[in-house]
Amino acid sequence: MGARFEELAWRETPIGEISLRRRRDPALDSEVYEVKLDDEYLMSSAFPVAEIELARLGLAPLTGDALDVVVGGLGLGYTARTALEDPRVRSLVVVEAIEDVIDWHRRDLLPFAAGLATDPRTRFVRADFFAAVAGDGLDPDEPGRRFHAVLLDVDHSPRQVLHPSHASFYTVDGLRRLAALLHPEGVFALWSNDPPDPAFQRTLTEVFPTSVAHVVRFPNPLQGREAANTVYVARH
C-alpha cells in the first residue's frame with residue numbers, strides 16, 4: 001500500500017488527532033492530500049474551489065493597493081496562497097492554532113502551496129483565532145491592530161463548530177469584536193460547508209451594513225454530482 005498511501009504527519013492536539021495524508025486517487029488520476037481530525041475529514045486537495053473563492057470573493061470588494069489581510073485557519077494553504085496572488089496584498093497574517101500545520105508548510109509538504117511560507121509578506125501566528133478575537137486581537141505584536149480583510153476557514157459552519165468554545169464568535173457580540181479589528185469598509189469573509197443559513201445571515205446584518213452569501217458550486221467526480229459550499233462576505 002506504500003505506493004498508494006502515505007501518512008506525512010500526525011499529532012495529538014487539544015481538539016483531537018490531526019493527520020496529513022497523501023494518496024493516489026485512481027478516479028482522479030492524481031495525488032490527493034487530506035487532513036483528518038480523528039476520523040473526520042477536514043479538507044482535501046481534490047476539492048479546493050471554495051477555499052480559493054474565499055480569498056477571491058473576500059478581497060474583491062476592497063479598494064486600494066496596500067491591503068493588510070488575515071487568514072484564520074491555514075489548512076492546506078489554498079486561501080492564503082490565493083490571497084498572495086492578489087498584488088494589492090501588502091501583508092498576510094495567518095493565524096493557526098496547531099503548530100504542526102504551520103510546520104507542514106515550512107517543510108514544503110504541500111507542493112500546491114509552494115511559496116506561501118517563504119513569501120516576505122507572510123507571517124504565521126500560532127494562536128487560537130477565536131481567543132485572539134476575544135482578547136487583544138489578531139497580531140500579537142500590535143494589540144488591536146486593524147486589517148482590511150479577515151478570511152476565516154476553521155469550522156464546518158457557524159452551527160457545526162470544531163470546538164464548543166468557537167460558538168460564541170458567531171453571535172452578534174462575537175462578530176462585533178471581529179468588526180472592531182477591521183478598517184472602515186473592511187471585509188469579513190467566512191467559508192461554510194452548509195447551505196446559506198438565514199439565521200446567521202440575520203446575525204451578520206446586525207453587525208455589518210452589507211453581507212452576501214455566495215453559493216460556490218463545483219463538480220464532485222467521486223460522487224458523480226455537483227457539490228456546493230457557502231462563502232459569506234460582510235463589509236464593515
Using a 4.5 Å cut-off on heavy atoms from C-beta on, say whether the side chain of Val32 contacts that of Ser45.
yes
Would the number of heavy atoms belonging to other residues, nucleotides or ligands and lying under 6.0 Å from CG of Asp65 be above 12?
no
Trace of the side-chain contact (heavy atoms from CB on, under 4.5 Å) decision for Leu20 with Leu76:
CA-CA 9 Å; Leu20 173 65; Leu76 294 175; 4.1 Å; yes
Answer yes or no: is there a side-chain heavy-atom contact under 4.5 Å between Leu182 and Phe208?
yes
Test item: Thr203 side-chain N/O and Ala199 main-chain N/O as donor-acceptor pair under 3.5 Å:
yes
Let me confirm one number: the CG-CD distance from Asp103 to Glu96, rounded to the nearest 0.5 Å.
11.5 Å
His236 NE2 to Leu175 CG distance, which is reported to the nearest 0.5 Å
12.0 Å
Begin from the C-alpha positions of Tyr78 and Asp153 and carry the test side-chain hydrogen bond (donor to acceptor under 3.5 Å, both in side chains) through to its verdict.
CA-CA 11 Å; Tyr78 283 105; Asp153 178 4; over 6 Å; no
Which pair of non-hydrogen atoms, one from Leu92 and one from Ala83, has the smallest distance, and what is that distance?
CD1-CB, 4.3 Å
Scanning both residues in full, the closest heavy-atom pair of Leu116 with Ala80 reads CD1-CB, 3.7 Å
Step by step, work out the side-chain contact (heavy atoms from CB on, under 4.5 Å) result for Leu59 and Val89.
CA-CA 9 Å; Leu59 298 181; Val89 173; 4.0 Å; yes
Under the rule for side-chain contact (heavy atoms from CB on, under 4.5 Å), what residues qualify as partners of Ser211, not counting sequence neighbours?
Leu204, Thr205, Ala234
May I ask you to check whether over 12 heavy atoms, not counting those of Gln160, lie within 6.0 Å of atom CD?
no
I want to check something: taking the side chain as every heavy atom from C-beta on, are Arg123 and Ser91 in contact at a cut-off of under 4.5 Å?
no
Tell me whether Val216 is reachable from Val212 by hopping between hydrophobic residues (I, L, V, M, F, W, Y) whose side-chain heavy atoms are closer than 4.5 Å.
no
Return yes if some donor-acceptor pair links the side-chain N/O of His148 with the main-chain N/O of Asp68 below 3.5 Å, else return no.
yes
Which heavy-atom pair separates Tyr232 from Pro195 by the least distance, and what is that distance?
OH-O, 3.9 Å
Nearest-0.5 Å distance, CG of residue Leu62 to CG of residue Asp86:
8.5 Å
Is the backbone of Ala97 close enough, under 3.5 Å, to the side chain of Arg126 for a donor and an acceptor to pair up by distance?
yes
With a 4.5 Å cut-off on side-chain heavy atoms, are Asp128 and His163 touching?
no
Closest contact, heavy atoms only, Gly64 versus Arg88
O-CD, 3.2 Å
Please step through salt bridge (Lys or Arg N to Asp or Glu O under 4.0 Å) for the pair Glu99 and Arg106, ending with a clear verdict.
CA-CA 11 Å; Glu99 181 66 36; Arg106 287 180 170 151; 3.5 Å; yes
side-chain contact (heavy atoms from CB on, under 4.5 Å) against Asp38, all qualifying residues, sequence neighbours excluded:
Glu17
Would a 4.5 Å heavy-atom cut-off, applied to side chains only, mark Asp139 and Val125 as touching?
no
NZ/NE/NH1/NH2 to OD/OE distance under 4.0 Å, Arg159 and Asp197:
yes
Below 4.5 Å, heavy atoms only, C-beta onward: do Phe188 and Val207 meet side chain to side chain?
no
Between His214 (side chain) and Asn229 (backbone), is there a donor-acceptor pair under 3.5 Å?
no
Is there a continuous path of hydrophobic side-chain contacts, each under 4.5 Å between heavy atoms, that joins Val215 to Trp191?
no
Mind checking the CG-CG spacing from Asp155 to Leu190? Nearest 0.5 Å is all I need.
8.5 Å
Rounded to the nearest 0.5 Å, how far does CD1 of Ile98 lie from CG of Leu74?
10.0 Å
Is there a donor-acceptor contact under 3.5 Å from the side chain of Arg56 to the main chain of Thr82?
no
Is a side-chain donor or acceptor of Arg235 paired with a backbone partner of Glu185 at a separation under 3.5 angstrom?
yes
Do Val133 and Val150 pass the side-chain contact (heavy atoms from CB on, under 4.5 Å) test, and can you show the C-alpha distance, the side-chain angles, and the key distance before you say yes or no?
CA-CA 11 Å; Val133 170; Val150 173; over 6 Å; no
NZ/NE/NH1/NH2 to OD/OE distance under 4.0 Å, Arg81 and Glu51
no
Is a side-chain donor or acceptor of Thr230 paired with a backbone partner of Asp194 at a separation under 3.5 angstrom?
yes
Minimum heavy-atom distance between Leu138 and Ala132, given as atom pair plus value
CD2-CB, 4.0 Å
Ring geometry between His166 and Phe130 (parallel below 30°, tilted from 30 to 60°, perpendicular above 60°):
parallel
Go through the steps to decide whether Val161 and Tyr170 satisfy the test side-chain contact (heavy atoms from CB on, under 4.5 Å), and finish with yes or no.
CA-CA 10 Å; Val161 296; Tyr170 301 101; 3.8 Å; yes
Considering non-hydrogen atoms only, spot the tightest contact between Phe129 and Gly72 and give its length.
CD1-CA, 3.9 Å
Let me check something: do Leu162 and Leu54 share a hydrophobic cluster, defined by ILVMFWY side-chain heavy atoms less than 4.5 Å apart, either directly or through other members?
yes
